[in-house]
There are 2 protein chains.
Amino acid sequence: MANMNSALLALADPTRRAVFERVARAPAPVSDIAKGLPVSRPAVSQHLKVLKEAGLVVDHADGARRIYRIDPRGLGPLRAWLDQFWGAALDAFAADLEAQELETHAKDDKDDEHD
Amino acid sequence: MANMNSALLALADPTRRAVFERVARAPAPVSDIAKGLPVSRPAVSQHLKVLKEAGLVVDHADGARRIYRIDPRGLGPLRAWLDQFWGAALDAFAADLEAQELETHAKDDKDDEHD
DNA sequence: ATAAAATGTAAGTTATGACTTACGGTAAGT
DNA sequence: ACTTACCGTAAGTCATAACTTACATTTTAT
């Protein structure tokens, strides 16, 4: 998949996000990742599978172990989606909100309005 | 709340993300938002409540209606969290991955992983 | 005053997913 | 060859959350 939807779904779970952040700090085998987490090793394997299918991590064999590392490119679609609302929308929001609040106040304080 | 976790949780659901995108296009009352979606109006109300608690939308009364509009500032923590991995990590990833693949090739050519 | 419109919430149902233990397969050590 | 370590997956349990209908509240219109 590796689209914005799968990345969002993957990162929404706190445990899985902890796995992602751990892998982001340094590449590590599954057992090491599970060491610092309050869930079992198979649970970590399942989380890594979801992260991998979302394009957020990559793995490679190292003997009997599998080393997982972050793939920051998987965050690209999500970041692009966010930027849709971040730039111009932020400025527009401030102006719109202010104008809207002025209207609301004018309606609320109708006993105090003049002109 | 209005932290990164709540924003991520809120935007992970496709229906709720559709509500968010609809509100982002233009402020609208609940009924109008529900018009273009395949779920009931109360469902939209519940989604809007989650989005509001995550700081992603704001609402104000307009007679018997409530107008919802996007609050792009709610995306701030999420964006900041993403940038943790986006900048330097992206460059480091390319170099690390290349080096790692060289090691893998040098040791053995049994790489069977692909997207 | 009554009715209608717009919305939020309560209650109940159901699907999904996060977790566990158990098991099978592969690689390394003795 | 046998044992140990590392890992992925299957099966089953359980909590959560997304949805529905029903109801209560507030505002507007007749």
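Chain identifiers are assigned alphabetically (A, B, ...) following the order of the sequence lines, protein sequences preceding nucleic acid strands; residue numbering begins at 1 within each chain. None of the values given here were measured: they were computed from a predicted structure.
Sequence order on DNA chain C of the closest nucleotides to Val39(A) and Arg66(B) puts Arg66(B) first from the 5' end.
Here Tyr68(A) reaches the OP1 or OP2 of dG8(D): one of its side-chain N or O atoms lies under 4.0 Å away. Between Ser31(B) and the phosphate of dA6(C), there is no side-chain N or O to OP1/OP2 separation shorter than 4.0 Å. Checking the phosphate oxygens (OP1, OP2) of dC19(D), a side-chain nitrogen or oxygen of Thr15(B) falls inside 4.0 Å. Side-chain nitrogen and oxygen atoms of Ser40(B) include at least one within less than 4.0 Å of the OP1 or OP2 phosphate oxygen of dT20(D). Arg16(A) has a side-chain polar atom (N or O) that falls below the 4.0 Å cut-off from OP1 or OP2 of dA18(C).
Atom-to-atom, CG of Asp32(B) to P of dT7(C) comes out at 8 Å; the value is rounded to the nearest Å. One can place CG of Asp62(B) at 9 Å from P of dT28(D), the figure rounded to the nearest angstrom. One can place CG of Asp13(B) at 11 Å from P of dG17(C), the figure rounded to the nearest angstrom. Whole-Å rounding puts the Arg41(A) CZ to dG8(D) P distance at 7 Å. Taking atom CG of residue Leu8(B) and atom P of nucleotide dA17(D), one finds them 14 Å apart after rounding to whole Å. Protein atom CD1 of Ile67(B) is 15 Å distant from nucleotide atom P of dT27(D), rounded to whole Å. Here the C1' atom of nucleotide dA10(D) and the CD atom of Gln46(A) are 10 Å apart, to the nearest Å. Atom pair His47(A):NE2 and dT9(D):P shows a separation of 15 Å (rounding to whole Å applied).
Aromatic ring orientation, Phe20(A) versus Trp81(B): tilted (interplanar angle from 30° to 60°).
Residue Val23(A) is tested with Val57(A), Val58(A), Asp71(A) for a side-chain contact (heavy atoms from CB on, under 4.5 Å); the sole match is Val57(A).
If you take CG on Leu82(B) and CG on Leu11(A), they are separated by 7.5 Å, rounding to the nearest 0.5 Å.
The side chain of Pro29(B) approaches dT7(C) more closely than any other nucleotide in the set dT7(C), dA11(D), dG8(D).
Across all strands shown, Pro42(A) has heavy atoms under 4.0 Å from base atoms, whether or not it also approaches the sugar-phosphate.
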